[in-house]
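Here's the structure we're looking at; comments come further down.
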Amino acid sequence: MSKNVRVRFAPSPTGPLHIGGVRTALFNYLFAKKHGGDFVLRIEDTDQNRYVDGAEDYIVNALNWCKIPFDEGPGKNEKFGPYRQSERKHLYKQYADQLISNGNAYYAFDTPKQLDAHRKGHEAEGKTFIYNWHNREKGRLVNSLVLTEAETQSKIVSGDDFVIRFKSPQDETLHLKDLIRGNMTIDTNVLDDKILFKSDGMPTYHLANIVDDHLMEISHVIRGEEWLPSLALHKLLYDAFGWEAPQFAHLPLILKPTGKGKLSKRDGDKLGFPVFPLEYTAPDGTVSRGYKEDGYFAESVINFLAFLGWNPGTEQELFNLEQLISDFDLARVNKAGARFDPDKTKWFNHQYMQQQLDLDLAEQYKSIQPELADVDVNYIALVVHLIKERATFISGFWELSDFFFTAPTSYDEKASKKALKEGTTDVLNKVIALVKTTDDFTVENLQTNIKGWITDYEIGFGKVMMPLRLALVGALQGPDVFDIMFMIGRDETVSRVEALIKFIG
C-alpha cells in the first residue's frame with residue numbers, strides 16, 4: 001500500500017466495551033500490524049450526557065488484556081492529540097463555518113416544537129418528514145437558505161438557538177466503495193440534511209468524526225455495519241472539504257446464538273456467558289461478567305473473535321496473534337452477520353488450556369484455591385498434567401482433582417451400588433497387601449502387580465478397579481487409578497482403601 005496505514009478505534013465512553021467493539025478493535029489492530037501501520041485509540045465523548053466515569057479506563061484495560069494495545073492515543077505517543085473529542089471541541093466550529101462559507105452547509109433555526117409539528121403533519125398524510133432539498137427552501141422551514149444574510153446574522157447575534165445542517169446535493173448519484181461489500185450507488189435525493197453542529201456548541205458525531213479522521217491522517221476506517229447508512233454523508237463531507245477520503249470497510253454484525261438479531265448483554269445474562277472482556281461494575285452497583293474473570297485466556301478470546309466474521313480460507317482454527325496478523329485480509333471478511341456460539345468459545349479456551357505450561361497453570365490454580373495454600377506447586381503441576389485434558393477453565397480444576405489433596409469423606413451413592421458387591425472387602429484387602437509389598441512404588445510397578453494378580457486369578461477388572469477407584473476418589477471418575485495411587489503415595493492409598501472397607505462393614 002502506497003499510503004501509510006493508519007487505522008483508529010473510536011469507542012464512546014458510555015459503559016463497558018462490548019465484545020462487538022473488541023472485535024472491531026481487533027480487526028483494526030490486525031490490519032494495521034499486517035501493513036506495518038499504526039493503531040490509534042480515539043475517545044468519542046461528544047455526548048457528555050451519556051458519559052460514564054471509568055469507562056475510558058475500562059476500554060484501555062480491555063485492549064491491554066486482549067494484547068491489542070493502541071500505538072497512539074490518550075496519554076501515549078500523542079503526535080496528533082488530543083485524542084478525546086471533548087478536548088478537541090475548539091477545532092470543529094471552524095470546519096462547520098468553512099462548510100457554510102462554501103455553500104455546503106447552512107444555519108437552521110427551527111425549534112424542536114416546529115419540527116415536531118412538521119413531522120406530525122406529514123404522518124397525518126401518511127408521509128415521512130425529511131429535512132432536505134424538497135422543503136429546505138420552500139419557506140416553511142426557518143434557515144439561512146430562506147432568510148437574508150442580515151436576518152440570519154440578527155438571529156445569531158440575538159442568541160437564537162441554531163444548528164448547522166449539511167446541504168445534501170440534489171439529483172446526484174453517489175458512487176461508494178467498501179472494501180468488504182464492494183461498490184454501491186446512492187441517489188442523493190433520499191438523503192436528509194444531517195445536523196453537523198448542535199445548539200449546545202458541540203459537533204455531532206458526523207462532523208467530529210470526519211474532521212478527526214482527516215487531521216489524524218487515518219487511511220482506513222474499519223467499523224461496524226451499523227455505520228453503513230452514514231457512509232454516503234461521510235463521503236459527501238470529504239468531498240465538500242476537498243479532502244481525500246479514507247478507504248472504508250464495514251464489518252458484519254455479531255448475531256445472537258440463534259442467529260437472529262444483534263448479540264446483546266441480555267443474551268449473555270439469559271444463556272450464561274459474558275459479553276464483556278472484563279468484569280464491569282456499573283454506577284448503580286450492578287456487576288456484569290467478564291471473560292477474564294470467567295477464566296478465559298486472552299488468546300482464546302482473540303482467536304474466537306477473529307472467527308466472528310473472518311475466515312482464513314483453510315481448515316485451521318487455532319491462531320496465535322502473530323499468525324492472525326500474518327493471515328488477516330479484509331477480503332476474507334464476510335458480509336453476512338456472524339452467529340455467536342458460546343460452546344465454540346469454550347472449545348477455544350479448552351484448546352488453549354492444553355497449550356499452557358503445567359507449572360503456569362498450577363501457579364494460577366494455587367492462587368485461586370485456598371486449600372492449596374501450603375501445597376508444593378510442583379506437586380500441583382503434576383496433578384494439573386493429569387486433569388487438564390478434562391478441563392475448560394482453571395476454576396474447574398478443584399472439582400476434577402480435589403481427591404489428590406484430600407481423602408473422600410463420602411462415597412457417591414450411585415457409584416457405590418455399582419462398585420460394591422459381595423466379596424469386595426476380600427478383594428480390597430488383597431489390594432492393600434499388594435500395595436504394601438510393591439517395593440519401588442511407581443505407576444508401572446503398581447500396574448504390573450495388581451493387573452498381574454487380576455489376570456492370574458481371573459477375577460475380572462471391574463470387580464477390582466471400580467471399588468479401588470471409589471476408595472481413592474469417592475466416585476467413579478478421575479484419571480488413571482495407578483496415577484492417583486502413585487501421586488497420593490503408599491500410606492494414603494492404604495488408608496483410603498481401609499476407609500472404604502470400614503464403610504462397607
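All residue numbers refer to positions in the sequence shown, counting from 1.
- For the atom pair CD1 (Ile164) and OH (Tyr107), the distance works out to 5.0 Å, reported to the nearest 0.5 Å.
- The closest side-chain heavy-atom distance from Asp161 to Thr111 is not below 4.5 Å.
- Closest heavy-atom contact between Tyr280 and Gly15: OH-CA, 4.0 Å.
- Atom NZ of Lys89 has 12 or fewer neighbouring heavy atoms from other residues, nucleotides or ligands inside a 6.0 Å radius.
- Here Tyr352 contributes atom OH and Gln356 contributes atom CD; the two are 9.5 Å apart, rounded to the nearest 0.5 Å.
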**Prompt:** Is there a ring pair (Phe, Tyr, Trp, His ring centres under 6.0 Å) between Phe273 and Phe340 once you walk through the steps?
**Reply:** CA-CA 11 Å; Phe273 60 85; Phe340 182 84; 4.8 Å; yes
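- Asn143 places a side-chain N or O within donor-acceptor distance of the main-chain N or O of Val146, the cut-off being under 3.5 Å.
- Side-chain contact annotation: Asp160 with Ser158, donor-acceptor N/O pair under 3.5 Å absent.
- Inter-residue side-chain proximity for Glu151 and Val142 is flagged as unmet; no heavy-atom pair is nearer than 4.5 Å.
- Arg88 places a side-chain N or O within donor-acceptor distance of the main-chain N or O of Pro82, the cut-off being under 3.5 Å.
- With sequence neighbours left out, the side-chain contact (heavy atoms from CB on, under 4.5 Å) criterion links Ala362 to Val377, Ile380, Ala381, Val384.
- Looking at Val40 and Phe80, their side chains never come closer than 4.5 Å, going by heavy atoms from C-beta outward.
- Note that CD1 of Ile394 and CD of Gln369 are 11.5 Å apart. Values are rounded to the nearest 0.5 Å.
- With contacts defined as side-chain heavy-atom distances shorter than 4.5 Å, the pair Pro169/Leu236 qualifies.
- Between Arg8 and the options Ile222, Val221, Leu41, a side chain to side chain contact (heavy atoms under 4.5 Å, CB included) holds for only Val221.
- Annotation: cation-pi pair Lys76/Phe70 present, NZ/CZ under 6.0 Å from the ring centroid and within 45° of its normal.
- One N or O on the side chain of His350 and one on the backbone of Ala391 form a donor-acceptor pair closer than 3.5 Å.
- Results of the ring-ring contact (aromatic ring centres under 6.0 Å, His included) test with Phe319 over Trp310, Phe304, Phe328 single out Trp310 as the only residue that passes.
- Asn349 and Ser300 are linked by a side-chain donor-acceptor pair at a separation below 3.5 angstrom, with hydrogens and angles left out of the test.
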**Request:** Give the intermediate values and the outcome of ring pair (Phe, Tyr, Trp, His ring centres under 6.0 Å) for residues Phe393 and Tyr296.
**Result:** CA-CA 7 Å; Phe393 304 107; Tyr296 284 84; 4.8 Å; yes
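- Here Lys177 pairs with nothing under the salt bridge (Lys or Arg N to Asp or Glu O under 4.0 Å) rule; sequence neighbours left out.
- Atom NZ of Lys346 has 12 or fewer neighbouring heavy atoms from other residues, nucleotides or ligands inside a 6.0 Å radius.
- Taking 4.0 Å as the cut-off between side-chain N and carboxylate O, Arg84 and Asp45 do not count as a salt-bridged pair.
- At least one donor-acceptor pair closer than 3.5 Å links the side chain of Thr188 to the backbone N or O of Glu172.
- With rounding to the nearest 0.5 Å, the separation of OG in Ser219 from CD in Glu244 is 9.5 Å.
- Using modelled atom types, one finds a donor on one side chain and an acceptor on the other under 3.5 Å when comparing Tyr83 with Glu72.
- Not one N or O on the side chain of Asn64 forms a donor-acceptor pair closer than 3.5 Å with the backbone of Pro69.
- Looking only at atom types and distance, the side chain of Ser86 has no donor-acceptor partner in the side chain of Tyr51 under 3.5 Å away.
- When the shell of 6.0 Å around CZ of Arg332 is examined, it contains more than 12 heavy atoms from other residues, nucleotides or ligands.
- Atom NZ of residue Lys167 and atom CD of residue Glu137 lie 5.0 Å apart, to the nearest 0.5 angstrom.
- Listed for the Gln94 side chain is a donor-acceptor partner under 3.5 Å among the backbone atoms of Leu91.
- Ion pair Asp213/Arg42 flagged as a salt bridge, since at least one NZ, NE, NH1 or NH2 atom sits closer than 4.0 Å to an Asp/Glu carboxylate oxygen.
- Taking a 6.0 Å sphere around NZ of Lys93, one finds it holds more than 12 heavy atoms contributed by other residues, nucleotides or ligands.
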**Evaluation steps, ring pair (Phe, Tyr, Trp, His ring centres under 6.0 Å), between His234 and Tyr238** = CA-CA 6 Å; His234 294 175; Tyr238 276 103; 8.0 Å; no
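- Under a 4.0 Å N-O distance rule, the pair Glu299/Lys67 qualifies as a salt bridge.
- Looking at Gln323 and Asn320, their side chains come closer than 4.5 Å, going by heavy atoms from C-beta outward.
- Side chains of Asp212 and Tyr92: a donor-acceptor N/O pair is present below 3.5 angstrom, by distance only.
- In this structure, the side chain of Lys366 engages the main chain of Leu372 through a donor-acceptor pair within 3.5 Å.
- Under the 3.5 Å distance criterion, the side-chain polar atoms of Asn28 are matched with a main-chain donor or acceptor of Thr24.
- The environment of Lys292 atom NZ is sparse: at most 12 non-hydrogen atoms of other residues, nucleotides or ligands sit within 6.0 angstrom.
- Between the side chain of Asp193 and the backbone N or O of Ser168, at least one donor-acceptor pair lies under 3.5 Å.
- With hydrogens and angles disregarded, no donor-acceptor distance shorter than 3.5 Å links the side chain of Lys194 to the backbone of Thr204.
- Under the 4.5 Å side-chain criterion, counting only non-hydrogen atoms from C-beta, Phe9 is in contact with Leu17.
- Ring geometry, Trp243 versus Phe241: the interplanar angle falls under 30°, so the pair is classed parallel (tilted spans 30 to 60°).
- Around atom NE2 of His118, more than 12 heavy atoms belonging to other residues, nucleotides or ligands sit under 6.0 Å away.
- No more than 12 heavy atoms of other residues, nucleotides or ligands shown are found within 6.0 angstrom of CD on Glu149.
- Note that the CZ atom of Phe297 and the CE atom of Met353 stand 4.5 Å from one another [nearest 0.5 Å].
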